[in-house]
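Numbers restart at 1 for each chain; the letters A, B, ... are given by sequence-line order, proteins then strands. These figures come from a predicted structure and were not determined experimentally.
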There are 2 protein chains.
Amino acid sequence: MNPNSPQTVSVTVADVARKAGVSKATAARVLGGYGTVSDRVRDAVTAAARALDYRPNELARSMTTGRSGTIGVVVGDIENPFFSLAMRGITDVARQAGFTVILINSGEDVSAEKAAIRTLIAKRVDGLIVSPAKETDVEHLREVVGSGRPLALLDRGINAFEVDTVIADDRQAAEGVTRQLIALGHRHIAYLTACDTPDHLFRTPGDINTGSVRRRIEGFLSTCREAGLGPVERWIHMGAVIPEQTRQIAERLLEGKDRPTAIIASDSVIGLEVFKTSRAIGLAIPDDLSLISFHDADWTAVTSPPVTVVRQPVYQLGEMAARLLVERLNGFAGPGREVVLQTEFVERASISSAPTLP
Amino acid sequence: MNPNSPQTVSVTVADVARKAGVSKATAARVLGGYGTVSDRVRDAVTAAARALDYRPNELARSMTTGRSGTIGVVVGDIENPFFSLAMRGITDVARQAGFTVILINSGEDVSAEKAAIRTLIAKRVDGLIVSPAKETDVEHLREVVGSGRPLALLDRGINAFEVDTVIADDRQAAEGVTRQLIALGHRHIAYLTACDTPDHLFRTPGDINTGSVRRRIEGFLSTCREAGLGPVERWIHMGAVIPEQTRQIAERLLEGKDRPTAIIASDSVIGLEVFKTSRAIGLAIPDDLSLISFHDADWTAVTSPPVTVVRQPVYQLGEMAARLLVERLNGFAGPGREVVLQTEFVERASISSAPTLP
DNA sequence: AAAGCCAATGAGACCGGTCTCAATCTAAAA
DNA sequence: TTTTAGATTGAGACCGGTCTCATTGGCTTT
């Protein structure tokens with residue numbers, strides 16, 4: 001169409017073969033790096049390819065080999081530092097293993113996740129890494145496995161069927177921080193999460209569809225109960241999806257009559273907003289309020305006071321998920337594996353013994 | 001091979017056609033949504049497809065149509081909040097326009113960038129968004145354009161040839177903050193950047209290969225010179241690629257004899273490290289040292305004092321780059337466009353009038 | 001020198017879609 | 001009722017690679 005757009009039609013093996021004076025099959029052998037060819041012919045074909053500026057068409061190659069050299073990744077939100085760091089781990093491993101990565105955000109929405117997976121399968125990715133929005137709604141994931149493609153789950157497990165999974169020891173971590181707070185005399189601890197139920201009320205951990213969060217809440221609940229603490233279900237606050245919602249929840253919580261003396265934030269985005277809100281309200285951390293956040297985000301180290309956090313091996317989470325997937329892609333066919341990476345309690349200065357409330 | 005792995009071979013249009021009792025061409029028409037078919041046949045084919053759980057092969061489709069429905073994105077480092085946020089902008093627009101995104105990190109290394117682009121072209125992406133590591137070494141980018149594929153540049157422009165570019169008004173922003181500092185009485189201002197030269201010494205803006213940074217430095221230099229300020233070339237410090245290097249540079253700078261009274265950090269990762277270092281050394285911000293950082297990262301608002309920053313419209317940068325690209329993909333064929341988005345000076349509390357040094 | 005073996009090469013099918021073109025069928029127009 | 005335009009369908013080429021299989025030729029073996 002456009003005469004001044006150069007090389008609109010791409011040069012193919014057939015073109016190279018013609019120029020080199022060999023058959024298409026032979027040229028393909030040289031260009032594709034398979035089979036056996038004589039040095040003389042190899043040189044001729046290579047020269048012809050260079051002269052014509054031949055670029056292989058990976059699509060056509062995938063067509064016959066059945067491998068696309070691509071893995072699909074579905075995460076909640078690449079903007080979230082948790083996922084962007086995990087993504088870095090994934091891409092590093094993938095690149096080294098010779099795979100490229102297609103990224104799709106699900107926005108933690110199951111129907112978007114389904115669409116994403118459908119798209120990725122249509123593009124014939126060789127395998128998938130997914131951070132499922134809900135662990136109860138996983139038929140589409142089962143289909144992935146059913147289609148013969150390996151799947152690895154990132155940060156969130158499911159029980160419905162066996163699949164490679166990489167998670168952190170969330171339950172244990174939550175137990176640890178809760179125990180710590182209780183030891184400091186806290187008797188009312190709030191837990192804030194982005195997860196939600198239709199009526200925004202927490203009843204049982206079964207309501208929580210995000211595996212990692214559910215495990216944390218289980219740890220939190222059991223430790224509180226062990227210590228004989230209050231109406232612990234009501235201390236769990238859901239729906240902190242965006243900062244604005246978090247702020248509202250935190251305000252309601254901290255300005256209310258029976259305010260908690262400690263808050264556990266389920267991720268760093270929530271933790272940041274709680275920090276801002278408590279400062280805006282005029283509550284001093286840690287004197288008036290103790291704060292612990294999951295995820296050692298960069299900001300947690302530079303606030304005054306710096307924030308005590310549960311450091312998750314986020315990069316390694318992504319790295320390991322990719323590693324497990326690549327192993328499958330290379331033929332490993334054993335049963336589903338679950339890798340649990342250790343978290344680290346990073347003690348800084350945002351928690352102290354509970355204040356005696358009026 | 002594995003008898004209990006279901007549906008190892010995928011069902012094709014031919015299979016569906018056979019089951020529906022029509023020709024392959026007709027089934028393809030229904031499944032592909034083109035041409036005309038009778039309602040009766042459409043229903044039959046649709047039913048057959050459902051019964052067989054037909055999944056289209058996007059690869060095969062791309063083969064003939066020549067469009068892969070994919071755009072390639074090459075950024076320095078997805079872990080960097082700047083890029084992850086821009087990436088979010090890109091993916092949002094891409095998804096809405098019906099494209100998926102392949103992501104490759106260049107690590108700001110030109111040879112990695114070249115390999116990335118080669119890979120993406122081999123995968124027959126429909127277009128590319130690149131944040132070039134060096135604006136002087138761009139032959140591979142010219143080839144992209146030469147291959148007939150649209151290209152959009154993110155945050156960094158090049159002069160070598162015309163291409164759609166989205167940048168922020170870095171030069172103007174740098175002039176503004178520099179002027180601000182000078183007005184406050186600062187007579188020695190340091191500028192820290194990750195960009196580097198072989199001998200780590202700055203001579204002229206021409207040494208800086210990263211467009212956005214070069215423009216900032218140009219603004220910084222010209223404003224300083226206008227005010228008749230000192231050996232301004234020596235105030236530019238390069239090679240702050242990783243936090244450790246930044247720390248060393250900052251230490252050397254702040255512990256030296258003739259230390260600057262103000263620092264401009266070229267990105268938030270550098271700004272964070274300068275903040276940490278000055279605190280470690282015992283310099284009070286802003287009394288002993290004024291600090292301004294580019295990029296309104298989340299941590300800048302919660303430190304004590306909060307950090308004055310140049311807010312870049314990062315999400316919009318990505319959004320716009322994707323938008324320009326999609327326009328080309330939809331047939332727009334005008335000359336290369338350069339979009340300059342406005343930055344915003346966010347005044348917080350990390351700058352004050354220059355201290356009188358001993 | 002005849003037989004045997006392996007490296008090197010070519011011909012052509014194939015992957016799973018799209019698309020052109022011709023054939024057939026239907027219903028409106030003359 | 002015959003003509004004709006338009007809708008519907010099928011046959012088969014094609015996209016750009018890979019891969020199987022058969023053929024050729026050179027070299028070793030006896």
Side-chain angles (χ1 to χ4, degrees), chain A residues 7-46 48-49 52-70 119 121-126 147-148, chain B residues 7-46 48-49 52-70 119 121-126 147-148:
Chain A
Q7 193 168 311
T8 314
V9 295
S10 49
V11 347
T12 73
V13 277
D15 299 325
V16 175
R18 201 172 312 122
K19 170 128 189 162
V22 299
S23 76
K24 184 180 152 198
T26 301
R29 273 187 268 261
V30 176
L31 268 12
Y34 57 91
T36 80
V37 276
S38 67
D39 291 347
R40 202 175 44 77
V41 168
R42 168 168 289 108
D43 293 345
V45 172
T46 308
L52 262 34
D53 190 29
Y54 168 77
R55 308 288 183 100
N57 184 334
E58 202 63 46
L59 251 41
R61 184 171 293 169
S62 305
M63 203 67 229
T64 41
T65 59
R67 309 190 88 208
S68 64
T70 307
T119 301
I121 289 186
K123 299 242 186 235
R124 292 300 189 262
V125 294
D126 292 332
S147 80
Chain B
Q7 191 169 314
T8 313
V9 296
S10 49
V11 346
T12 73
V13 278
D15 299 326
V16 175
R18 201 173 310 121
K19 169 126 188 163
V22 298
S23 75
K24 184 182 152 199
T26 301
R29 272 187 268 261
V30 175
L31 267 13
Y34 57 90
T36 79
V37 276
S38 68
D39 291 347
R40 200 174 46 76
V41 169
R42 167 169 289 109
D43 292 347
V45 172
T46 307
L52 262 33
D53 191 28
Y54 167 76
R55 308 286 182 102
N57 183 335
E58 203 63 46
L59 251 41
R61 184 171 293 171
S62 304
M63 199 70 225
T64 42
T65 59
R67 310 191 86 208
S68 63
T70 306
T119 301
I121 289 186
K123 299 240 186 236
R124 292 300 190 263
V125 293
D126 292 333
S147 80

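Taking the side chain as every heavy atom from C-beta outward, Asp53(A) and Val11(A) never approach each other to under 4.5 Å. No side-chain heavy atom of Lys123(B) sits under 4.5 Å from any side-chain heavy atom of Thr70(B). A 4.5 Å side-chain heavy-atom check between Ser147(A) and Ile121(A) finds at least one atom pair inside the cut-off. A heavy-atom distance below 4.5 Å is not found between the side chains of Thr12(A) and Asn57(A).
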Please list, for nucleotides 11-21 of chain C, all pairs of protein and nucleotide N/O atoms separated by less than 3.5 Å.
from    : atom 1 : to       : atom 2 : distance (Å)
dG17(C) : OP1    : Tyr54(B) : OH     : 3.3
dG17(C) : OP2    : Val13(B) : N      : 2.9
dG17(C) : O5'    : Tyr54(B) : OH     : 3.0
dG17(C) : N7     : Lys24(B) : NZ     : 3.3
dG17(C) : O6     : Lys24(B) : NZ     : 2.9
dT18(C) : OP1    : Arg61(B) : NE     : 2.8
dT18(C) : OP2    : Tyr34(B) : OH     : 3.4
dT18(C) : O4'    : Thr64(B) : OG1    : 2.8

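The side chain of Ser38(A) places an N or O atom within less than 4.0 Å of a non-bridging phosphate oxygen (OP1 or OP2) of dT9(C). Here Thr26(A) reaches the OP1 or OP2 of dG10(C): one of its side-chain N or O atoms lies under 4.0 Å away.
In terms of modelled atom types and a separation under 3.5 Å, the side chain of Asp43(B) and the main chain of Arg40(B) share no donor-acceptor contact.
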